[in-house]
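In what follows, every chain begins at residue 1, and chains take the letters A, B, ... in the order their sequences are listed. Not measured: the values here are computed from a predicted model.
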Amino acid sequence: MSDVSLAPFLAALLPGDGRWPSAADLDLALAAMVSAVPESASALEVVAGLPAGDPVAALEGLAERDPATFGAFQVAVYGAYYSHPRVLAVIEERCGYPARAPQPRGHVVPLVDPDPLPTCLGGQPRWRPDGTQIADTVRATQAADPDRMWSREEIEQWRP
Amino acid sequence: MLEGRRWSAGLSVAHALVIGAGASGAAFAWRLAGHGWDVTCLERGHWQPDLSTPQSARDWEVRRLTDRSPNPNVRRSPADYPVLDDTSIIKPAIFNGVGGSTVLWSAHAPRFRPSDFRVRSLDGVGRDWPITYWDLAAYYEVNDEVVGVSGRHGDPGNPPRTPRQTPPVPLGPAGRRVVAALERLGWDWWPTDGQLLTEPYGGRLPCNGCGPCEMGCQRGARASADNTYWPRAIAAGARLITGATVSRIVTDGRGMAAGAEWVDDAGEWHRTDADVVVLAANGIGTPRLLLASASPQHPNGLANSSGQVGRNLMLHPIAGVSGIWDEPLASWAGNDAFCLLTQHFYETDLQRDFVRGYEMQLTRGQGPLITALGGFGLGISWGAGHHTRFEELFGHVATAAVTCEDLPHPDNRITLDDSVRDRAGVPAARMHYQVEDNAARMLDHGIASAERLLREAGAKETRVTRVLPGAGFHLMGTARMGADAADSVVDADCRAHDVANLLVIDGSVFASAAAVNPTPTIQAVALRAADRLAGAA
């Protein structure tokens with residue numbers, strides 16, 4: 001297997017379009033993927049041995065007759081492609097997703113004002129009684145004062 | 001089998017020997033040690049280094065598909081045991097290490113409702129628990145204080161609870177759209193409880209919205225048993241032995257539990273004797289060890305005179321219904337697995353063609369790689385058009401996860417398969433699981449409801465995965481609790497009917513599955529079991 005023998009299939013799997021680079025144009029870390037996904041080693045070998053005249057048709061044929069091998073090939077190439085710095089830069093530009101790992105900085109959930117509260121807040125109990133006396137007692141208390149702040153000590157008293 | 005083993009010198013004696021250091025084992029060890037008991041816990045895996053989570057690496061999503069996969073058959077860690085799953089449409093999602101599967105969980109933490117414990121009495125299906133919600137209510141509160149829960153009190157859809165330790169996680173743009181739709185439809189919703197801090201609590205940092213909680217949390221914002229219960233348990237005197245793979249529970253001449261045999265990472269064999277043995281190895285690992293501990297006194301497996309060990313596996317079939325919006329929602333931001341919950345279809349409605357019900361939780365979007373691979377049924381082809389579709393999807397998706405109550409079925413079960421063994425020589429667990437008819441009808445209803453909801457929320461397209469294949473993380477029922485020893489494995493206090501000094505305290509004991517995530521209930525049951533054992537409740 002060599003990058004040269006894989007190139008037409010990489011280009012067929014993830015072609016470039018002017019904004020997105022083709023997988024064949026990147027120095028993909030496929031060796032690292034083979035280490036992480038052992039099944040991908042044989043999958044890459046199989047793909048490299050496909051007839052390269054019509055790589056799209058060749059990959060379609062492989063996906064139909066041997067989906068497991070095609071899947072391992074796809075995961076390996078996608079894994080390398082979608083963690084490549086050039087691709088991450090395109091994702092940031094096109095989608096707004098920061099071109100970095102999620103940690104340590106995290107992601108900020110967009111907020112413009114406080115989250116709404118459910119309109120059922122303060123409403124009558126909606127949970128189903130279970131036939132026990134304590135359920136009836138608790139429901140009655142909850143219904144009388146829906147916004148009550150319960151303490152752990154009060155809840156301890158429910159124990160049969 | 002014993003020939004050729006290298007044994008350590010002498011036997012160590014513990015009052016209570018807990019097997020498994022996950023959600024239940026950790027809670028139990030802390031509680032029992034607090035009562036002055038001598039507690040030792042054996043864990044086949046290890047502590048996870050603080051910075052071992054891969055979200056700081058550029059290839060973090062590759063790690064999610066490989067060595068941080070929740071599926072042990074993909075992850076193939078030395079600590080894992082084989083789980084043969086070709087006879088199950090849902091694959092296992094478990095972790096072996098200190099903290100157990102809470103190391104790789106998403107921390108959604110709703111509680112069971114009172115009716116969930118009384119399904120036979122109320123709806124004529126499944127089995128009632130021999131305890132009620134009210135036996136556990138105080139333990140839910142204890143658990144919440146230890147782990148730290150984000151959320152909001154005052155939900156009229158559930159019995160009252162105390163104010164949550166921190167405010168709820170933010171809804172985010174998709175959540176707000178779905179909330180508005182829920183209100184228009186008149187469907188109840190609530191900002192659901194999560195074992196995920198939104199403010200500092202107990203010396204832990206709050207969530208910074210990185211996304212994939214189920215890969216581990218290097219900030220410690222998401223609770224796991226290793227960063228909540230275990231420090232407390234060890235401070236209370238409990239001993240935790242890691243790298244200890246148990247091969248069997250040993251019984252004495254009377255058939256009582258005497259301890260356990262185990263092998264360490266160096267291949268040296270040990271036996272730890274105990275007055276009480278406590279199984280906390282999850283709904284797969286626990287029946288596996290019980291079945292593997294057969295003896296002349298217990299020829300069908302330990303504590304299995306009822307024949308129920310391993311049976312009645314309940315997993316929650318979960319449908320994933322993804323909505324795709326035209327506008328960008330930055331749906332990669334925030335904890336990925338939950339922000340709100342609707343239990344509008346939770347209870348039995350005789351107008352429907354199924355009993356019991358389901359909940360829907362809104363999950364956020366996925367990262368670039370999972371999106372590109374079409375995760376959650378997104379439908380994205382390779383080749384020409386791939387990137388155009390990627391841009392339509394990435395950051396534009398949120399998924400309604402429809403979690404259906406599973407009813408116990410004897411053929412959904414865990415068995416032993418000696419075609420493969422682990423490092424201790426214990427046969428593999430084999431999962432047998434199909435979605436039973438009632439749950440199948442429930443899935444249909446839930447998928448239709450989710451599609452209606454997401455369309456109402458403005459999604460231009462919905463995509464359905466009828467049963468999420470990787471969702472084998474809620475493992476219940478395989479050593480169920482009951483009053484009748486002929487039909488159950490343990491009693492109301494989690495003691496084996498057949499072996500009075502053997503307890504099972506994990507999700508295996510659940511008599512019913514409810515339609516919500518089980519971890520808080522698992523932990524409440526474990527805390528109560530410790531109190532009952534110690535005579536403190």
For the interface with chain B, which of A:Ala135, A:Ala76, A:Gly71, A:Pro146 has the highest count of heavy-atom pairs at distances below 4.5 Å? A:Ala135
Atom group of B:Pro328 that falls short of 4.5 Å from chain A, counting heavy atoms: neither
Between A:Cys120 and B:Pro156, is there a side-chain heavy-atom distance shorter than 4.5 Å? yes
Side chain / backbone / both / neither for B:Thr348 at chain A, heavy atoms under 4.5 Å: both
With chain B, which of A:Val37, A:Ile134, A:Val75, A:Asp17 has the greatest number of heavy-atom pairs at distances under 4.5 Å? A:Ile134
Apply the test salt bridge (charged side-chain N to carboxylate O under 4.0 Å, His left out) to residues A:Arg94 and B:Glu391: give CA-CA distance (whole Å), side-chain angles for both, the deciding distance (0.1 Å), then the verdict. CA-CA 7 Å; A:Arg94 304 284 304 165; B:Glu391 290 186 24; 2.7 Å; yes
Using heavy-atom distances under 4.5 Å, tell me whether A:Ile91 contacts chain B through its side chain, its backbone, both, or neither. side chain
B:Leu369 and A:Ser83, any side-chain heavy atoms less than 4.5 Å apart: no
Interface moiety of A:Arg148 toward chain B, non-hydrogen atoms closer than 4.5 Å: backbone
Does any heavy atom of chain A fall under 4.5 Å from the side chain of B:Val74, the backbone, both, or neither of them? neither
Quick one, B:Asp155 and A:Arg126 - any side-chain contact, counting heavy atoms below 4.5 Å? no
Any chance you could measure A:Met149, atom CE, to B:His153, atom NE2, to the nearest 0.5 Å? 4.0 Å
Are B:Asp144 and A:Arg152 close enough, and set up right, to give a side-chain contact (heavy atoms from CB on, under 4.5 Å), and what steps lead you there? CA-CA 11 Å; B:Asp144 290 350; A:Arg152 185 171 136 194; over 6 Å; no
Structural part of A:Glu39 lying under 4.5 Å from a heavy atom of chain B: side chain
Applying ring-ring contact (aromatic ring centres under 6.0 Å, His included), run through A:Tyr82 and B:Phe390 and close with a yes or a no. CA-CA 11 Å; A:Tyr82 278 100; B:Phe390 178 88; 5.1 Å; yes
Taking all non-hydrogen atoms of both residues into account, name the closest pair between A:Pro116 and B:Leu171 and its distance. CD-CD1, 3.8 Å
Check whether A:Gln124 gets within reach of chain B through its side chain, its backbone, both or neither, counting any heavy atom under 4.5 Å. backbone
Which region of A:Phe70, side chain (C-beta onward) or backbone (N, CA, C, O), has a non-hydrogen atom less than 4.5 Å from a non-hydrogen atom of chain B, or is it both or neither? side chain
Part of B:Arg76 within contact of chain A (heavy atom distance under 4.5 Å): side chain
Side chain to side chain, B:Trp382 and A:Gln74, heavy atoms closer than 4.5 Å: yes
Who wins among A:Thr141, A:Val109, A:Leu14 for the most heavy-atom pairs under 4.5 Å with chain B? A:Val109
Heavy-atom distance under 4.5 Å between the side chains of A:His107 and B:Trp332, does that happen here? yes
Aromatic contact, A:Tyr78 with B:His386 (centres under 6.0 Å): yes
Return the CG to CD distance between B:Asn208 and A:Gln103, rounded to the nearest 0.5 Å. 4.0 Å
Which one, A:Leu117, A:Asp147, A:Val90, A:Leu88, leads in non-hydrogen pairs under 4.5 Å with chain B? A:Leu117
Using the ring centroid of each side chain, check whether B:His396 and A:Tyr97 are separated by less than 6.0 Å. no
About how many Å separate CD1 of B:Ile131 and CZ of A:Arg159, when rounded to the nearest 0.5 Å? 11.5 Å
Run the salt bridge (charged side-chain N to carboxylate O under 4.0 Å, His left out) test on A:Asp115 and B:Arg176 for me, step by step, so that the C-alpha distance in whole Å, both residues' side-chain angles and the decisive distance to 0.1 Å come before the verdict. CA-CA 7 Å; A:Asp115 279 339; B:Arg176 289 184 179 217; 2.9 Å; yes
Heavy atoms from other residues, nucleotides or ligands near CD of A:Gln133 exceed 12 (cutoff 6.0 Å): no
Can you check whether A:Val138 reaches B:Trp134 side chain to side chain, under 4.5 Å on heavy atoms? yes
More than 12 non-hydrogen atoms from neighbouring residues, nucleotides or ligands closer than 6.0 Å to CD on A:Glu93, yes or no? no
Rounded to the nearest 0.5 Å, how far does CG of A:Asp130 lie from CZ of B:Arg118? 6.0 Å
So B:Pro191 and A:Pro118, do their side chains get closer than 4.5 Å, heavy atoms only? yes
Top of A:Gln157, A:Glu153, A:Gln142, A:Glu156 for chain B proximity - count of heavy-atom pairs under 4.5 angstrom: A:Gln142
Checking B:Asp67 against chain A: side chain, backbone, both or neither under 4.5 Å from a heavy atom? neither
Relative to chain A, which segment of B:Tyr139 carries a heavy atom at a distance below 4.5 Å: side chain, backbone, both, or neither? side chain
Provide the closest heavy-atom pair for A:Ala36 versus B:Val62 in the form atom of the first, atom of the second, distance. CB-CG1, 4.2 Å
Supply the atom-to-atom distance A:Thr119 OG1 to B:Asp188 CG, rounded to the nearest 0.5 angstrom. 8.0 Å
For B:Arg58, which atoms come within 4.5 Å of any heavy atom of chain A: side chain, backbone, both, or neither? both
Does any non-hydrogen side-chain atom of B:Asp135 lie less than 4.5 Å from one of A:Pro160? yes
Measure distances from A:Arg105 to the heavy atoms of chain B and classify the residue's part below 4.5 Å as side chain, backbone, both or neither. backbone
Interatomic distance, A:Met33 atom CE to B:Leu65 atom CG [nearest 0.5 angstrom]: 7.5 Å
Answer with side chain, backbone, both or neither: which region of A:Val108 has an atom nearer than 4.5 Å to a non-hydrogen atom of chain B? backbone
Any sub-3.5 Å donor-acceptor pair from B:Gln55's side-chain atoms to A:Ala101's backbone N or O? no
